[in-house]
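Beneath this line is the structure, given in structure tokens, with notes to follow.
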Amino acid sequence: MQVLSVTPEIFPLIKTGGLADVTGALPVALAGKGVTMRTLVPGYPQVMDAFKKKKPVHHYPLLQGGKASVHAVQIAGLDLFVLDAPHLFHRPGGPYGNATGADWPDNWRRFAALSQVGGDIAGGAVSGYQPDIVHAHDWQSAMTLAYMRYGKAVGTPSMITVHNLAFQGQFGAGIFGELGLPAAAMALDGVEYYGGVGFLKAGLQAAWAITTVSPTYAQEIRSPEFGMGLDGLINMRSVDLYGIVNGIDTEIWNPETDKHLVSNYTAKTLKARHPNRTAVEDRFNLDRDDSPIVCVISRLTWQKGMDILAAVVDGIVARGARLAILGSGDAGLEGAMLAAAARHRGRIGVVVGYDEALSHTMQGGCDAIVIPSRFEPCGLTQLYGLRYGCVPVVARTGGLADTIIDANEAAVSAGVATGFQFAPADAGALLHAIRRLVAAHANPTVWTSMQRQGMKADVSWDKSAEKYLELYRLLHSKRAV
């Protein structure tokens, strides 16, 4: 089965979050299951620099304001179509904005171009290639399904995965005339959304199937609280809605072989984690003692609940835990964390920014990782925590609820607990979870059992890939009908 994936980012070439991890891992996970996946990605500078031989398989004399071409290449074991459109993608900064963090004002044009090319490839534009299924990801590629619906690929099965419904790609009605879609598309059952153009809404409307990255999030987005204005449409499409939890790359995230760790270890050799713990204490200027080190590896934003954490850092210290915080985001939250570190020298350490190697060391050396998100479609850091024996403390929402078994009395007695859940996502509930964590950490038998149980959990892509395969087969059978 040939599957065309369309995405704005893919690991290891371009990554801003978990989306890239998914789109990079899924082709590999499906490769041994009879699925050949080719991924269409924008030709950002780092993508274009990753291959030397430029041999286009399709040309555009004019694509959203300039010349463009599509290259078929293999990079890092991935089969890719790369959209080389310098006027749209060859610029400094991140994939969505400049070096100051401001979004590019023409993002609608950039990702309309990506989606148009996705629709064209689905319709046979590249000689010798015809996908059986088209799989789009998030708002940046959602319009692929609209271009298919109103173009040559109308009969090709399609699906969209929503990694975060909060980001929808909403733009003014004035752009519609430049999208190259028929006038009939500017309708309630097309791309129109509250008088403008909704990229994600268009994809949700046109997709044969809709997936989210966890079963709980699939149900949450049907409610006004989490539906972000799209809950009506999602409920209308509920029969086509599926939740498939993400996996992680267990080769990259493996404490037994991870080169970022000072000391490698397994579930049977947990004492070998100690040098990593010392490395964390040194990097974050923490006191050396036996109290638990709770880490934060996160964007410092409202969605991630970092304001909730900031409100209780004094209480966390008072209850005997230390904090190691790695992240960046809202300036006010960065300042609040740095101020907390200044108040509690030796008990709280902060590194502003992101450091992939350090994140591995933290998972390998800290006792627990706290994730107080207000909503979390799936989350990956809690999966890394399970894999590394870094016990997760999570808000009971989305994928966090689906992947962590709470250390209630029954679960602890049965030896199946893997972490701590709390609800609601507020300061009081979080502080209570920290209190439970500290008490459990004081009991080596309970704590070691939780670590080992978490490390036994199957957080690989195997089960998730099987579920995607089942859905691809279902869609393919509908095409045959």
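Reckoned from all heavy atoms, side chains included, excluding hydrogens, waters and symmetry mates. Fair warning: this is a prediction, and the values are worked out from it, not measured in the lab.
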### Query
Could you give the distance from NE2 (His135) to CD1 (Ile160), rounded to the nearest 0.5 Å?
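Reported to 0.5 Å precision, the distance equals 8.5 Å.
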
So do the side chains of [X] and [Y] get within less than 4.5 Å of each other, counting heavy atoms only?
X      : Y      : value
Leu430 : Ile434 : yes
Asp21  : Lys15  : yes
Leu179 : Trp108 : yes
Lys463 : Val245 : no

### Task
Take Tyr193 and Leu230, measure what side-chain contact (heavy atoms from CB on, under 4.5 Å) needs, and give me the verdict at the end.
CA-CA 10 Å; Tyr193 186 52; Leu230 287 167; 3.6 Å; yes

### Task
Can you spot which of Arg277, Gln451, Arg322 makes a side chain to side chain donor-acceptor pair (under 3.5 Å) with Asp367?
Arg277

### Task
Might you work through the side-chain contact (heavy atoms from CB on, under 4.5 Å) test for Trp447 and Leu437, ending with a clear yes or no?
CA-CA 9 Å; Trp447 194 259; Leu437 177 154; 4.0 Å; yes

With a 4.0 Å cut-off on N to O distance, would you call [X] and [Y] a salt bridge?
X      : Y      : answer
Arg343 : Asp314 : yes
Lys304 : Glu376 : yes
Asp355 : Arg283 : no
Asp289 : Arg347 : yes
Asp307 : Arg374 : yes
Asp106 : Arg91  : yes

### Task
Determine whether the aromatic ring centres of Phe171 and Trp139 lie less than 6.0 Å apart.
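Ring centroids of Phe171 and Trp139 are less than 6.0 Å from each other.
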
### Ring-ring centroid check Tyr388 Trp253, cutoff 6.0 Å
yes

Near [X] [atom1], under 6.0 Å, is it more than 12 heavy atoms from other residues, nucleotides or ligands?
X      : atom1 : answer
Gln46  : CD    : yes
Glu356 : CD    : yes
Asp49  : CG    : yes

### Query
Are Met48 and Val82 close enough, and set up right, to give a side-chain contact (heavy atoms from CB on, under 4.5 Å), and what steps lead you there?
CA-CA 8 Å; Met48 297 304 298; Val82 177; 3.6 Å; yes

### Task
Determine, step by step, whether Ile10 and Leu78 satisfy the side-chain contact (heavy atoms from CB on, under 4.5 Å) criterion, reporting the C-alpha distance in whole Å, the side-chain angles of both residues, the deciding distance to 0.1 Å, and the verdict.
CA-CA 10 Å; Ile10 186 168; Leu78 299 167; 3.7 Å; yes

